[in-house]
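Remarks on the structure that follows.
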Amino acid sequence: MAAAQPVHMTFRKSEKTKSPRKEIIQPCMKHPLQNRWTLWFFKNDKSKPWQANLRLVTKFDTVEDFWALYNHIQVASRLTSGCDYSLFKDGIEPMWEDSKNKCGGRWLITLSKQQRMLELDQFWLETLLCLIGEAFDEYSNDVCGAVINVRAKGDKIAIWTCDTENEAAVLHIGKIYKERLGLPVKVVIGYQAHADTATKSGVGVKNKFIV
């Protein structure tokens with residue numbers, strides 16, 4: 001039997017000399033927000049001054065960085081009583097005394113203890129999305145930030161605005177906020193001036209506006 005002949009493979013010149021194709025990897029493009037935002041965390045320690053309990057967590061200015069943050073922090077319903085989250089535009093601190101807040105007020109949502117596991121996290125996330133998404137049209141510039149207070153007697157969520165005297169802005173923000181939370185028409189939410197809240201107890205503060 002004749003020996004098997006070696007198989008000779010031939011290539012066209014273009015196939016032998018062609019350089020391997022290089023993949024061009026484009027950097028992941030993030031989606032910028034209109035504003036830069038700061039997340040704050042407050043944990044009540046009565047042995048310390050109020051301001052010493054307030055900590056800056058981080059800042060972000062893109063959609064992707066917001067979700068990376070939100071997905072890696074404790075949800076509000078699991079915070080211990082006495083803790084707050086605050087999300088404010090960069091440069092504004094979550095306190096009445098800040099120059100951007102002192103002439104303003106807040107739209108306040110009060111939730112019962114039973115609502116904590118059912119609606120608190122949903123309402124807080126929707127509040128955050130309203131802020132970073134500039135949901136209040138031409139009046140979004142009047143928004144300073146939002147605060148969630150986790151308390152044993154009942155939780156609160158509030159959107160803070162910069163000027164209680166800008167009635168058109170305050171009412172527009174309140175109406176849009178109520179719609180975004182999906183609250184029934186019969187549910188009334190109120191707007192309180194910080195100046196009133198600072199000098200009176202929570203139950204004694206009158207609403208400046210309602211929607």
For Y191 and T164, does a side-chain donor sit closer than 3.5 Å to a side-chain acceptor? no
I want to check something: taking the side chain as every heavy atom from C-beta on, are V147 and Y85 in contact at a cut-off of under 4.5 Å? no
Below 4.5 Å, heavy atoms only, C-beta onward: do D65 and K30 meet side chain to side chain? yes
With the side chain counted from C-beta on, respond yes when W40 and E93 share a heavy-atom pair under 4.5 Å apart, and no when they do not. yes
Note, L87 side chain near T38 side chain (heavy atom, < 4.5 Å): no
Check whether the side chains of D84 and N149 place a donor and an acceptor atom closer than 3.5 Å, and report yes or no. yes
Can S77 and D121 be said to form a side chain to side chain donor-acceptor pair (under 3.5 Å), step by step? CA-CA 6 Å; S77 62; D121 294 333; 2.6 Å; yes
Salt-bridge test for K206 and D196: reply yes if a basic N is under 4.0 Å from a carboxylate O, no otherwise. no
Just by distance, with hydrogens left out, do E134 and N35 show a side-chain donor and acceptor under 3.5 Å apart? yes
Kindly indicate whether the side chain of V143, heavy atoms from C-beta on, has any atom under 4.5 Å from the side chain of I173. yes
Nearest heavy-atom contact between L125 and W67 is CD1-CH2, 4.0 Å
Only residue of I159, L181, L108, L183 satisfying side chain to side chain contact (heavy atoms under 4.5 Å, CB included) with I189 is L183
Go through the steps to decide whether Q34 and D61 satisfy the test side chain to side chain donor-acceptor pair (under 3.5 Å), and finish with yes or no. CA-CA 8 Å; Q34 187 167 321; D61 57 9; over 6 Å; no
Flag side-chain contact, heavy atom, 4.5 Å: F209 against E167: yes
Do I176 and I109 share a hydrophobic cluster, counting only Ile, Leu, Val, Met, Phe, Trp and Tyr and linking them when any side-chain heavy atoms are less than 4.5 Å apart? yes
Taking every non-hydrogen atom, the tightest pair across A76 and W124: CB-CD1, 4.3 Å
Do the side chains of R36 and K89 get nearer than 4.5 Å, heavy atoms only? no
Taking 4.0 angstrom as the limit, do E126 and R180 come out as a salt bridge? yes
Does this structure show an ion pair linking E165 with K208, if we count only N-O contacts that are shorter than 4.0 Å? yes
Shortest non-hydrogen contact from P94 to F88? CB-CE1, 3.5 Å
Hphob cluster co-occupancy, L54 + F41, side-chain heavy atoms under 4.5 angstrom: no
Identify the heavy atoms of Y139 and A168 that sit nearest to each other, and give their distance. OH-CB, 3.6 Å
Return the minimal non-hydrogen interatomic distance between N101 and H194, and the atom names on each side. O-CD2, 3.1 Å
Determine the minimum heavy-atom distance between W37 and C144, stating which atoms define it. CZ3-O, 4.1 Å
Would you call D142 and K100 a salt bridge, using N to O less than 4.0 angstrom? no
